[in-house]
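Here is the structure we will look at, set down as structure tokens.
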2 protein chains.
Amino acid sequence: MSNVKVLPLLEPDVVAACCPPLNERPMSAEEAEVAAKMFKALGDPVRLRLFSAVASHEGGEACVCDISDVGVSQPTVSHHLKKLKEAGLLSSERRGTWVYYRVEPSVLAAMGALLAGPAKTV
Amino acid sequence: MSNVKVLPLLEPDVVAACCPPLNERPMSAEEAEVAAKMFKALGDPVRLRLFSAVASHEGGEACVCDISDVGVSQPTVSHHLKKLKEAGLLSSERRGTWVYYRVEPSVLAAMGALLAGPAKTV
DNA sequence: GCAAGCCATAGACAAACTTCGAAACACCAG
DNA sequence: CTGGTGTTTCGAAGTTTGTCTATGGCTTGC
């Protein structure tokens, strides 16, 4: 099987399909491995702010120059954006001088469903 | 009660109120600090499995002995459960010989709302 | 071609994290 | 009180992570 990727990118497909609701049944080790990467990506305050800045921008995308004001150096911003991309949460596209980052809606939905879970008949 | 906490526990109140939807507006540094702790807590495969095991158990609570089968030593399980508790995601209660961990429903709902966000009219 | 601006990469270092075995603590049954 | 079981705490590797400075690559404008 060719599940050995040359790039450590989590693709939207994998992410969207990884996640049964948390309170549906105990997660398997493999599912937890995939899902934990997404949570870990959002587990840093700087990354969370960057992600929120992109997600709340017009059309769900933003130029790096628009969101670099989070209190850390520019290379650090770039480093965190790369991590978010590797986790499958963001995608980037160069458009002339600037690079635009965009959220992956399906990933957001998958994570939301993971947490919201089924009707909690407790 | 003293308003100065000796324990670094995040209380459900704080957690539930911390989170405007990610794509509503850019997160402030303080909001990101609180929310990132929760995401980081779920950003480890072992913790995610433990949390899922508790959440999917009868009534949303489980004894440690029921969920210790995640492939790491038992002290490590205890360590991770403590982390989840410090992040405000779980609460524990001793009931005779065993210790039961329970999910905080309001926290789950808050994180779900954070990710699901408002209607995405993109 | 050359300078300037935006973004990414490389290398380095301190801090935090995960994990373990050993020991300590808490509770129940005789 | 004593022994046994379940859980937490302690101290210590080894690894990962977050941040910086310095440098390189790419695109635009003159």
Side-chain angles (χ1 to χ4, degrees), chain A residues 6-10 29 32-33 35-51 53-54 57 61-87 89-102, chain B residues 6-10 27 29 32-51 53-54 57 61-87 89-102:
Chain A
V6 290
L7 288 180
L9 286 174
L10 284 183
E33 201 79 35
K37 277 181 186 162
M38 300 187 298
F39 283 116
K40 183 188 282 186
L42 294 180
D44 180 271
V46 173
R47 277 199 295 271
L48 199 49
R49 286 224 279 163
L50 288 172
F51 186 81
V54 173
H57 227 255
E61 71 173 16
C63 157
V64 176
C65 56
D66 288 331
I67 60 178
S68 302
D69 201 9
V70 289
V72 295
S73 69
Q74 187 270 326
T76 301
V77 169
S78 190
H79 168 74
H80 284 308
L81 287 173
K82 184 181 179 182
K83 283 249 178 148
L84 286 168
K85 202 163 76 170
E86 285 174 358
L89 275 67
L90 292 180
S91 60
S92 66
E93 177 195 0
R94 169 151 231 143
R95 210 175 298 159
T97 303
W98 296 278
V99 174
Y100 288 81
Y101 279 80
R102 188 149 42 96
Chain B
V6 290
L7 288 180
L9 285 175
L10 286 183
M27 266 185 139
E33 202 79 34
V34 176
K37 276 182 187 162
M38 300 187 299
F39 283 116
K40 183 188 282 187
L42 294 180
D44 181 272
V46 174
R47 277 199 294 272
L48 198 50
R49 286 224 280 163
L50 288 172
F51 187 80
V54 172
H57 227 253
E61 70 174 17
C63 159
V64 176
C65 56
D66 288 330
I67 58 177
S68 303
D69 201 8
V70 288
V72 294
S73 71
Q74 197 272 332
T76 300
V77 169
S78 188
H79 168 76
H80 283 307
L81 287 172
K82 185 181 179 182
K83 285 251 178 148
L84 286 168
K85 201 163 76 172
E86 286 173 358
L89 275 66
L90 292 180
S91 60
S92 66
E93 177 194 1
R94 171 149 231 143
R95 211 177 296 161
T97 303
W98 296 279
V99 174
Y100 287 81
Y101 279 79
R102 188 149 43 95

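Letters A, B, ... are given to chains in the order of the sequence lines, protein chains preceding strands, and every chain is numbered from 1. Owing to the predicted nature of the structure, the values given are computational and were not obtained by experimental measurement.
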Closest approach to the side chain of Val64(A), judged atom by atom: which nucleotide of dC7(C), dA22(D), dT7(D) is it?
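So the side chain of Val64(A) is nearest to dC7(C).
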Under 4.0 Å, heavy atoms only, any strand: does [X] hit a base, just the sugar-phosphate, or nothing?
X: Val77(A); answer: nothing
X: Tyr101(B); answer: sugar-phosphate
X: Thr97(A); answer: sugar-phosphate
X: His79(A); answer: base

Ignoring backbone atoms, establish whether Ser73(B) has a side-chain N or O less than 4.0 Å from OP1 or OP2 of dC20(C).
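Yes.
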Do any side-chain nitrogens or oxygens of Lys40(A) fall under 4.0 Å of OP1 or OP2 in dC17(C)?
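No, no such contact exists.
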d([atom1], [X]; [atom2], [N]) in whole Å:
X: Gln74(A); N: dG24(D); atom1: CD; atom2: P; value: 16 Å
X: Arg95(B); N: dC28(C); atom1: CZ; atom2: C1'; value: 17 Å
X: Lys82(B); N: dT19(C); atom1: NZ; atom2: P; value: 16 Å
X: Glu93(A); N: dC26(D); atom1: CD; atom2: C1'; value: 16 Å
X: Arg47(A); N: dT16(D); atom1: CZ; atom2: P; value: 15 Å
X: Ile67(A); N: dC6(C); atom1: CD1; atom2: C1'; value: 13 Å
X: Trp98(B); N: dA26(C); atom1: CH2; atom2: C1'; value: 13 Å
X: His80(A); N: dT16(D); atom1: NE2; atom2: C1'; value: 14 Å

After noting the C-alpha distance and the side-chain angles of Leu84(B) and Leu42(B), does the key distance pass the side-chain contact (heavy atoms from CB on, under 4.5 Å) rule?
CA-CA 8 Å; Leu84(B) 286 168; Leu42(B) 294 180; 4.2 Å; yes
Among Lys83(B), Arg47(B), Met38(B), Lys37(B), find the residue that satisfies the side-chain contact (heavy atoms from CB on, under 4.5 Å) test when tested with Leu89(B).
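Output: one option passes, namely Met38(B).
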What's the shortest heavy-atom distance between [X] and [Y], and which atoms?
X: Ser92(B); Y: Lys85(B); answer: OG-NZ, 2.9 Å
X: Ile67(A); Y: Ala53(A); answer: CG2-CB, 3.5 Å
X: Trp98(A); Y: Cys65(A); answer: CD1-SG, 3.6 Å

Given that Asp44(A) and Arg94(A) both sit by DNA chain D, which one's nearest nucleotide is further toward the 5' end?
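First, find each residue's nearest nucleotide; the 5'-ward one identifies Asp44(A).
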Which is more 5' along DNA chain D, the nucleotide nearest Thr76(A) or the one nearest Gly96(A)? Just name the residue.
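Upstream on the strand: Thr76(A).
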